[in-house]
*Asks:* 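Let me give you the structure first, and then I'll get to my questions.
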Amino acid sequence: MTAHGHTRVIGIIGPPCSGKSTVAQFLQSFGGVWLNADTIAKEQLLEPEVISALVAEFGDQILSSDGTLSRERIADLVFGESEASQTRLKKLESIVHPRTREVIREALAKAIADQAAYVILDVPLLLESGWQDECDEVWCLHVSPDRHQRLLDARGWDLAELKRREKRQLSWDEKQRRSDWVIENDGSVEDLRSKVRDRLER
């Protein structure tokens with residue numbers, strides 16, 4: 001038994017391309033419920049009231065020709081070093097984040113009520129935003145710098161953009177210190193799954 005009855009709530013953190021999705025999918029295959037905040041936030045951008053609120057704030061320029069939100073145009077407005085960009089980013093977050101948090105809380109409560117074996121909380125800034133208080137434990141993925149660079153290159157990520165976003169976060173050394181388990185993802189996918197399986201069996 002855990003603080004959540006029969007359900008173990010696991011927060012998962014790690015840099016992009018570090019293996020979080022692989023771990024989450026593996027836990028999902030064992031009866032887990034994967035709550036992916038990024039996916040939920042993107043779904044919020046399809047909600048009419050969110051679209052209306054964003055258009056009221058940023059204007060029709062953020063709409064595509066079919067009337068849907070253009071994530072590329074929004075990104076151009078909010079991702080930048082200028083004070084104006086930072087102000088727009090905070091406004092975007094003030095509209096989308098509360099709705100995302102509410103969806104996650106409702107889904108978490110339902111998974112616990114349904115006695116899911118695991119809930120995987122995959123939330124950016126999990127520690128910074130206090131979500132660790134909802135977790136029975138926090139797992140942190142770690143990859144070596146060289147391996148991480150290769151994984152980023154394979155996905156087409158820009159390292160400068162990654163570092164810019166990380167400025168708003170705790171250092172990864174600090175995040176590892178605050179985690180219950182640091183997973184060294186230095187081998188194959190099956191090696192990673194084996195490590196997770198061993199942890200669950202213990």
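Counting from 1, the numbers follow the sequence of the chain as shown. What you are looking at is a predicted structure, and each value in this text was computed from that prediction instead of being measured.
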*Asks:* Under a 4.5 Å side-chain heavy-atom rule over Ile, Leu, Val, Met, Phe, Trp and Tyr, are I12 and W131 clustered together?
*Replies:* no
*Asks:* Can you give me every donor-acceptor pair (side chain of residues 56-65, partner residue at least two apart or in another chain, under 3.5 Å) with its distance?
*Replies:*
{"from": "Q61", "atom 1": "NE2", "to": "F58", "atom 2": "O", "distance (Å)": "2.9"}

*Asks:* Going through the checks in order, is the side chain to side chain donor-acceptor pair (under 3.5 Å) test met by W172 and E174?
*Replies:* CA-CA 5 Å; W172 282 105; E174 178 65 13; over 6 Å; no
*Asks:* Roughly how far, to the nearest 0.5 Å, is NZ of K90 from CD of E93?
*Replies:* 9.0 Å
*Asks:* Looking at side-chain heavy atoms only, is the closest gap between R199 and E137 below 4.5 Å?
*Replies:* yes
*Asks:* Is E190 salt-bridged to K195, going by a charged N under 4.0 Å from an acidic O?
*Replies:* no
*Asks:* Under the 3.5 angstrom rule, does the side chain of K20 hit a backbone N or O of G14 as a donor-acceptor pair?
*Replies:* yes
*Asks:* Taking side chain to side chain donor-acceptor pair (under 3.5 Å) as the test, write out the residues that go with K91, two or more places apart.
*Replies:* none
*Asks:* Under 3.5 Å, is there a donor-acceptor pair linking the side chains of T68 and D66?
*Replies:* yes
*Asks:* Go through the structure and list residues passing salt bridge (charged side-chain N to carboxylate O under 4.0 Å, His left out) with E184, not counting sequence neighbours.
*Replies:* none
*Asks:* Identify each donor-acceptor pair in which a side-chain atom of residues 27-40 lies under 3.5 Å from a protein atom, sequence neighbours left out, and give them as a table.
*Replies:*
{"from": "S29", "atom 1": "OG", "to": "F26", "atom 2": "O", "distance (Å)": "2.5"}
{"from": "W34", "atom 1": "NE1", "to": "D122", "atom 2": "OD2", "distance (Å)": "3.2"}
{"from": "N36", "atom 1": "OD1", "to": "D38", "atom 2": "N", "distance (Å)": "3.1"}
{"from": "N36", "atom 1": "OD1", "to": "T39", "atom 2": "N", "distance (Å)": "3.3"}

*Asks:* Could you go step by step and tell me if D146 and R150 meet the salt bridge (Lys or Arg N to Asp or Glu O under 4.0 Å) rule?
*Replies:* CA-CA 6 Å; D146 288 346; R150 291 195 298 272; 5.5 Å; no
*Asks:* Would you mind reporting whether L126 and L121 have side-chain heavy atoms less than 4.5 Å apart?
*Replies:* yes
*Asks:* Give, for atom CZ of F79 and atom OG of S85, the distance between the pair rounded to the nearest 0.5 Å.
*Replies:* 10.0 Å
*Asks:* Give the table of side-chain donor-acceptor pairs shorter than 3.5 Å for residues 95-103, with sequence neighbours excluded, one pair per line with atom names and distance.
*Replies:*
{"from": "R99", "atom 1": "NE", "to": "E49", "atom 2": "OE2", "distance (Å)": "3.3"}
{"from": "R99", "atom 1": "NH1", "to": "I95", "atom 2": "O", "distance (Å)": "2.6"}
{"from": "R99", "atom 1": "NH2", "to": "E49", "atom 2": "OE2", "distance (Å)": "3.2"}
{"from": "T100", "atom 1": "OG1", "to": "V96", "atom 2": "O", "distance (Å)": "3.0"}

*Asks:* Is the side chain of R88 donor-acceptor paired with the backbone N or O of V78 at a distance under 3.5 Å, no angle test?
*Replies:* no
*Asks:* At what distance, to the nearest 0.5 angstrom, does CD of Q86 lie from CG of L89?
*Replies:* 6.0 Å
*Asks:* Look at the side-chain heavy atoms of Ile, Leu, Val, Met, Phe, Trp and Tyr, link any pair under 4.5 Å apart, and say whether Y118 and L141 land in one connected group.
*Replies:* yes
*Asks:* Measure the CG-CD distance between L77 and E72 for me, rounded to the nearest 0.5 Å.
*Replies:* 12.0 Å
*Asks:* What heavy-atom pair brings V138 and C135 nearest, and what distance separates the two atoms?
*Replies:* CG2-CB, 4.2 Å
*Asks:* Assigning hydrophobic clusters by single linkage (Ile, Leu, Val, Met, Phe, Trp, Tyr; side-chain heavy-atom cutoff under 4.5 Å), is I104 placed with I112?
*Replies:* yes
*Asks:* Applying a strict under-4.5 Å side-chain criterion to I, L, V, M, F, W and Y, I'd like to know whether L92 and V55 cluster together.
*Replies:* yes
*Asks:* Scan D191, D186, N185 and name whichever one has a side chain to side chain donor-acceptor pair (under 3.5 Å) with S188.
*Replies:* D191
*Asks:* Mind checking salt bridge (charged side-chain N to carboxylate O under 4.0 Å, His left out) for R193 and listing every partner two or more places apart, or none if nothing turns up?
*Replies:* none
*Asks:* In Å, rounded to the nearest 0.5 Å, how long is the span from CG of L46 to CD1 of I51?
*Replies:* 6.5 Å
*Asks:* Treat each ILVMFWY residue as a node, draw an edge where side-chain heavy atoms are under 4.5 Å apart, and state whether V189 and L152 are in one component.
*Replies:* no
*Asks:* Might you confirm whether atom CZ of R71 has over 12 heavy atoms from other residues, nucleotides or ligands at distances under 6.0 Å?
*Replies:* no
*Asks:* Would you check if H142 and I183 make a side-chain contact, meaning some heavy-atom pair closer than 4.5 Å?
*Replies:* no
*Asks:* Might you point out which heavy atoms bring H148 and P16 nearest each other, and give the distance in Å?
*Replies:* NE2-O, 2.7 Å
*Asks:* Does any N or O in the side chain of S179 come within less than 3.5 Å of the main-chain N or O of V182, such that one atom is a donor and the other an acceptor?
*Replies:* no
*Asks:* Between E128 and K175, is any pair of side-chain heavy atoms under 4.5 Å apart?
*Replies:* yes
*Asks:* To the closest 0.5 Å, what do you measure between CD (Q132) and OG (S129)?
*Replies:* 7.5 Å
*Asks:* Side chains of R178 and L170: does their closest heavy-atom pair fall under 4.5 Å?
*Replies:* yes
*Asks:* Between R177 and D173, does any NZ, NE, NH1 or NH2 come within less than 4.0 Å of an OD or OE carboxylate oxygen?
*Replies:* no
